[in-house]
Amino acid sequence: MPLPKAELHLHIEGTLEPELAFALAARNEVALPYADTDELREAYRFEDLQSFLNLYYELMAVLRTERDFEDLADAYLARAAAQGVRHAEIFFDPQAHIARGVAMGTVVEGLWRALARSEDTYGVSTQLIMCFLRDESAESARETLEAAKPYLDRIVGVGLDSAEVGHPPAKFREVYQAAAGLGLRRVAHAGEEGPPSYIVEALDVLGVERVDHGLRCMEDEALVERLVRERVPLTLCPLSNVRLRAVDALADHPLPAMLDAGLLCTVNSDDPAYFGGYAGDNFDAVRSTLGLGEERLRELARNSFLASFLEHDEERRARYLAEVEAYEFG
Ligand code: ADE
Ligand code: ZN
């Protein structure tokens, strides 16, 4: 039995495995510029975040109907459950779909069909976090929030993703303020490729409660002290950092140093179909390559539930935390 954990940094579009991409392409009569899944996998050699994003957005062309989004989410939840995920807070990128003529309602209703039965089918509780694309305009983000208003009972919070450098958080001050006014929780990618100042800005200007990645905080001692003091969770994604070359090799990943510094770190998969593994695979990788001991792994699992947006159901959080404390490593 795998260690129970929450997944807090997972882009549902990044769970599109090559086999499903081809199946959906056939179903929707969408032509893909790859002969087969092997040739597609050959394209998974990324130089940086942008080279990944180019493929990530290209493959979204196969997602057209509610059923496509349902199948995508269902496939993810099955894999996540098998790797010990008990609770998943799932990002989605509506702007990337709306731009292709796929409505907000198609995306949310489709994902929801899978999420609504996830607890019964897989024993995984779920929440949805709607991300704004930071390389699109602030106006587009505002329109996206407006389009989401009929679905807010299904969306726990907002996030910020896509190409980071050159798109600092402050650009989205107003839309985050509006989101907070609607009762939405706030997170943002910061310090993946961007500088530590973007992390500070995400906290001070956007009021985020968790930082996605946050890796580059380690370059700013005062920022690390602040993140420790304020117990700001960081949703790290070790295999993603290797594939997108945020670190040279997994052995060089700062996760052990971050835990030693007292940061509230969590381990997540980001875009598991592209980066070589789901949540449990990321845990296994840091265990074997970074030599994290059982108590460090338990701490990461505990942190994942502490950092979850489960304030509406503290009993559930307590149950999950008790599972972590009772877990016996094999
Ligand atoms: N969208 C999907 N994955 C992402 C990542 N790792 N960083 C920024 N935007 C993303
Ligand atoms: Zn991400």
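Just so you know, ligand 1 is whichever comes first in the structure, and atom 1 is the first atom listed for that ligand.
Of all N, O or S atoms in H11, the one lying closest to the Zn ion (ligand 2) is NE2. Among the heteroatoms counted here (N, O or S) of D270, OD1 is the one nearest to the Zn ion (ligand 2).
A salt bridge links R316 with E119: the distance from a Lys NZ or Arg NE/NH1/NH2 to an Asp or Glu carboxylate oxygen falls below 4.0 Å. Here E70 pairs with R117 in a salt bridge; the nearest charged N to carboxylate O distance falls below 4.0 Å. Between R41 and E19 there is a salt bridge, with a side-chain nitrogen of the basic residue lying less than 4.0 Å from a carboxylate oxygen of the acidic one.
No heavy atom of E164 sits closer than 4.0 Å to any atom of ligand 1. Heavy-atom separations between L53 and ligand 1 include at least one value shorter than 4.0 Å.
The distance between the ring centers of F69 and H97 falls below 6.0 angstrom.
Atom 7 (N) of ligand 1 has E192 OE1, 2.7 Å as its closest protein atom, hydrogens excluded (heavy atom only). From the protein, the heavy atom lying nearest to atom 4 (C) of ligand 1 is H11 NE2, 3.6 Å. At the top of the distance list for atom 9 (N) of ligand 1, counting protein heavy atoms only, stands S162 N, 2.8 Å. Annotation: atom 3 (N) of ligand 1 to nearest protein heavy atom, D271 OD2, 2.6 Å.
Here H213 fails the criterion, with no N, O or S atom under 2.8 Å of the Zn ion (ligand 2). C237 lies apart from the Zn ion (ligand 2) in this respect, since none of its N, O or S atoms is found at a distance under 2.8 Å. Coordination check, D212 versus the Zn ion (ligand 2): failed, since every N/O/S atom of the residue sits at 2.8 Å or beyond.
At the Zn ion (ligand 2), the vertex angle linking NE2 of H9 with NE2 of H189 is 90° (nearest 10 degrees).
Ligand-side atoms of ligand 1 in range of F52: 2 (C), 3 (N), range being under 4.0 angstrom from any heavy atom.
If you look at F91 next to ligand 1, there are no close heavy atoms at all, none under 4.0 Å. With a 4.0 Å heavy-atom cut-off, ligand 1 is reached by the side chain of H213 but not by its N, CA, C or O.
Looking at ligand 1, you'll find an N or O of D270 within less than 3.5 Å of one of its N or O atoms.
Note on ring orientation: taking the six-membered ring where Trp is involved, the planes of H189 and H9 are perpendicular (angle over 60°, cut-offs 30° and 60°). The aromatic rings of F329 and Y327 stand perpendicular to each other, their planes meeting at an angle above 60°, with 30° marking the opposite boundary.
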Check step by step if side-chain contact (heavy atoms from CB on, under 4.5 Å) holds for R27 and D71.
CA-CA 12 Å; R27 189 156 91 192; D71 290 350; 2.9 Å; yes
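Judged by the 6.0 Å distance and 45° axis criteria, R210 is positioned over the aromatic ring of F309.
Rounding to the nearest 0.5 Å gives a distance of 6.0 Å between CZ of F275 and CZ of F46.
A donor-acceptor pair shorter than 3.5 Å cannot be found between the side chains of S51 and N54.
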